[in-house]
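First comes the structure, then the notes that go with it.
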Protein chains: 2
Amino acid sequence: MVQIPEVNSNIFYFPQGHAEHAYQPVHFPADFNIPSQIPCRVAAIHYRVDPHTDEVYAKLRLVPLHVSQVRFDDDTVGGIDNMSETKYQSYTKTLTQSNANNGGGFSCPRKCAETLFPPLDYSDMLPTQDIFPMDVHGETWRFRHAYRGMPKRHLLTTGWSDFVTDKLLVSGDSLVFVRDEHSDLHVGIRRSKKRNDCIFNFSSKRKLGPSYNRLTSSFGELRISDKVMGIGKVKAEDVLEAVRLVVNMQPFDVVYYPRVGTPEFFVKPSLIRKALQIRWWCGMRFKMAMETEDSSRTHWFVGEIASVEAVDPACPDSVWRLLRVTWDEAVVTNMKMLNPWEVEIV
Amino acid sequence: MVQIPEVNSNIFYFPQGHAEHAYQPVHFPADFNIPSQIPCRVAAIHYRVDPHTDEVYAKLRLVPLHVSQVRFDDDTVGGIDNMSETKYQSYTKTLTQSNANNGGGFSCPRKCAETLFPPLDYSDMLPTQDIFPMDVHGETWRFRHAYRGMPKRHLLTTGWSDFVTDKLLVSGDSLVFVRDEHSDLHVGIRRSKKRNDCIFNFSSKRKLGPSYNRLTSSFGELRISDKVMGIGKVKAEDVLEAVRLVVNMQPFDVVYYPRVGTPEFFVKPSLIRKALQIRWWCGMRFKMAMETEDSSRTHWFVGEIASVEAVDPACPDSVWRLLRVTWDEAVVTNMKMLNPWEVEIV
DNA sequence: ACATCTTGTCGGCCTTTCCGACAATGCGT
DNA sequence: ACGCATTGTCGGAAAGGCCGACAAGATGT
């Protein structure tokens with residue numbers, strides 16, 4: 001679900017989108033005269049780990065470009081081509097209730113098992129093996145990987161429960177398996193939006209996993225910081241600083257925590273171009289893939305464009321959340337303003 | 001069971017005893033003219049950890065003394081007195097079958113619990129608490145400590161099984177709790193003689209504890225080295241080098257792995273003196289505390305002195321294993337030659 | 001030798017985890 | 001719209017772990 005651009009590719013940076021990732025209201029000074037979207041080159045990407053929650057976030061160095069430098073049909077620039085596409089293989093799955101309910105194991109999607117895990121001996125009637133992925137702290141875990149049941153499916157059993165308990169995973173959180181350039185297997189997690197919004201209720205009952213010291217020793221700090229970070233993960237001043245630099249055509253850094261329901265504030269030119277080629281109008285019908293209440297599954301929701309207007313009167317030219325929509329299913333209460341590139345016309 | 005002398009105390013060093021701790025036969029050159037026992041001052045003690053097996057061993061620096069320098073009724077020397085007695089509090093217990101049989105918990109001796117663990121709230125009908133001892137690798141473990149049952153006893157329950165599995169403990173291995181100078185609780189282990197003598201049969205089934213990488217990654221190496229070390233843990237050449245230095249009155253280092261059934265090769269002067277004051281003779285009856293087959297309990301065995309003679313004709317003056325004995329219970333097959341200070345007259 | 005204290009072992013019971021059956025979902029045609 | 005492939009959920013079964021009863025062993029008198 002997460003789209004991190006590649007190094008040296010071009011993106012459009014949306015200050016308004018960036019502001020939505022702050023945990024404080026961001027008040028842009030009136031005299032800033034902010035462009036609604038600024039083309040930038042991605043100069044560098046660093047992946048970091050939040051030591052408290054194990055969450056992975058990205059730190060992007062963006063270099064502002066002149067509009068003339070950007071071709072909307074080509075997302076890359078510079079001498080390095082898209083060969084870096086052949087980098088890591090990874091698979092992300094959102095945990096179901098059964099996965100997290102300590103009931104037992106993790107039903108592993110076939111694609112995940114077949115592309116990332118060592119091949120099983122299918123000549124065996126009940127093929128099993130142990131996989132040893134490493135988490136972001138360098139801790140190695142053991143999961144028993146079996147292919148069984150009727151119909152046959154891939155499962156992670158022994159060891160999974162310990163992982164869930166140690167990482168305090170609940171249904172809705174996501175699991176990421178990655179095979180790196182040395183073809184070593186890694187495992188990461190991403191907490192669901194809900195979890196991000198609430199204070200951790202930490203109560204590990206098992207053997208101290210690697211997270212014990214970390215989580216408890218900084219418990220007080222964690223409570224406070226998480227309480228404050230109700231909406232996003234970055235400071236308002238960091239957003240303002242980024243905007244200050246971008247309007248002066250200075251390179252700047254942004255931190256991006258992937259968050260379900262909060263769109264990325266950097267978007268590929270080709271995506272925007274394709275979206276803006278459409279003449280959006282009231283009454284147009286669209287669909288959008290969204291995760292269910294507990295993020296355990298994705299579902300296509302259908303709706304109708306209610307109006308097409310800039311969200312912020314101060315930025316009348318901005319296409320950020322240009323579309324005001326209504327949904328066929330009343331369930332979708334929030335999410336009334338969408339980016340054109342988030343939806344698909346039906 | 002293990003008696004490590006204190007720094008600055010005096011001991012007698014027995015080359016023959018040292019040789020028994022080698023895994024190879026030690027052939028003392030005839031021209032060495034080895035004294036059977038050399039008084040030494042313990043200049044330094046360093047405790048080390050075998051990274052493969054978690055075993056703790058001691059490295060002692062010994063400085064040879066002239067006999068005139070040693071008073072047999074006083075084990076210490078130098079300005080530092082026995083105040084260092086008030087150093088660490090510790091308790092060692094050999095694991096019973098019930099302790100290791102994964103059946104559940106660890107029945108904790110009263111003395112251990114009351115002297116080393118934080119005090120329980122005995123006003124509570126079922127007092128429980130969690131203790132967090134640290135192992136030699138700096139890993140913290142959690143054990144649930146309860147005082148319950150009829151009659152009441154101290155037990156370690158939750159967390160214990162994981163520890164047993166991770167450390168590959170079996171009945172006969174020993175557990176050591178230590179409270180250090182910062183009153184922090186530590187936990188160590190000592191493998192039984194049997195385990196030391198055989199190749200590890202490693203087959204961890206649970207989550208990878210901290211030992212996993214260590215034990216598996218060096219599996220091959222471990223097999224080999226353990227196979228060779230059938231009897232002791234040190235090289236024959238190390239023993240020879242120690243003896244070479246000691247006869248020249250040079251300071252030397254010895255490594256001591258505590259081993260059930262293999263007596264220490266450094267002994268307090270007072271102990272030797274007391275033992276040699278007795279006129280040992282055939283037919284004298286004695287008792288000796290020894291551990292049972294699986295080291296789960298200690299039992300007093302009774303026997304009779306069969307003869308009093310030097311084990312090695314080349315060292316006719318040596319008191320090392322001076323006593324040839326017979327046992328009342330036929331069970332005690334090995335252990336036919338004992339040191340006078342190991343037994344107690346009845 | 002006896003009384004008392006301590007602690008090893010056992011079987012019962014409860015919890016956790018493993019497993020295939022079945023069905024709901026999703027995708028391709 | 002239908003069929004097939006995939007995978008979420010459920011309840012039974014097996015394993016693991018917690019518990020007090022009991023008694024064997026240890027200790028002190």
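Here is how names work: the chains are called A, B, and so on, in the same order as the sequence lines, proteins then strands, and each is numbered from 1. Since the model is a prediction, treat every value here as computed from it, not as a measurement.
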Heavy-atom distance under 4.5 Å between the side chains of [X] and [Y], does that happen here?
| X | Y | result |
| --- | --- | --- |
| B/Glu139 | B/Asp166 | no |
| B/Arg191 | B/Leu169 | yes |
| B/Met288 | B/Val325 | no |

Is the number of heavy atoms from other residues, nucleotides or ligands within 6.0 Å of NZ (A/Lys287) greater than 12?
yes
Quick check on [N]: is either OP1 or OP2 less than 4.0 Å from any side-chain nitrogen or oxygen of [X]?
| X | N | result |
| --- | --- | --- |
| A/Arg148 | C/dC19 | yes |
| B/Thr96 | C/dT7 | no |
| A/Arg110 | D/dA5 | no |
| B/Ser161 | D/dG16 | no |
| A/Ser107 | D/dT7 | no |
| A/Ser98 | D/dG8 | no |

Are B/Asp135 and B/Lys167 ion-paired here, with the side-chain N under 4.0 Å from a carboxylate O?
yes
Between B/Thr96 and B/Asn99: side-chain donor-acceptor atoms closer than 3.5 Å
yes
Do A/Lys152 and A/Tyr122 meet the cation-pi criteria used here (NZ or CZ under 6.0 Å from the six-membered ring centre, within 45° of the axis)?
no
In whole Å, I'd like the distance from the [atom1] atom of [X] to the [atom2] atom of [N].
| X | N | atom1 | atom2 | answer |
| --- | --- | --- | --- | --- |
| A/Lys93 | C/dG26 | NZ | P | 13 Å |
| B/Asn99 | C/dC10 | CG | C1' | 14 Å |
| B/Asn101 | D/dG16 | CG | P | 12 Å |
| B/Gln97 | C/dT9 | CD | P | 6 Å |
| B/Phe106 | C/dT6 | CZ | C1' | 14 Å |
| B/Leu155 | D/dA21 | CG | P | 13 Å |
| B/Lys152 | C/dT4 | NZ | P | 19 Å |
| B/Leu156 | D/dG17 | CG | C1' | 14 Å |

DNA chain C nearest-nucleotide lookup for A/Met150 and A/Gly105: closer to the 5′ end is A/Gly105
Is any side-chain N or O of A/Arg153 under 3.5 Å from a base N or O of C/dG20, one able to act as donor and the other as acceptor?
no
Regarding the side chain of B/Pro151, the nearest nucleotide among D/dC22, C/dG20, D/dT7 is D/dC22
Find the bend of the helix from C/dA1-D/dT29 to C/dT29-D/dA1 as the angle between its two terminal axes (five pairs each), to the nearest 10°.
30°
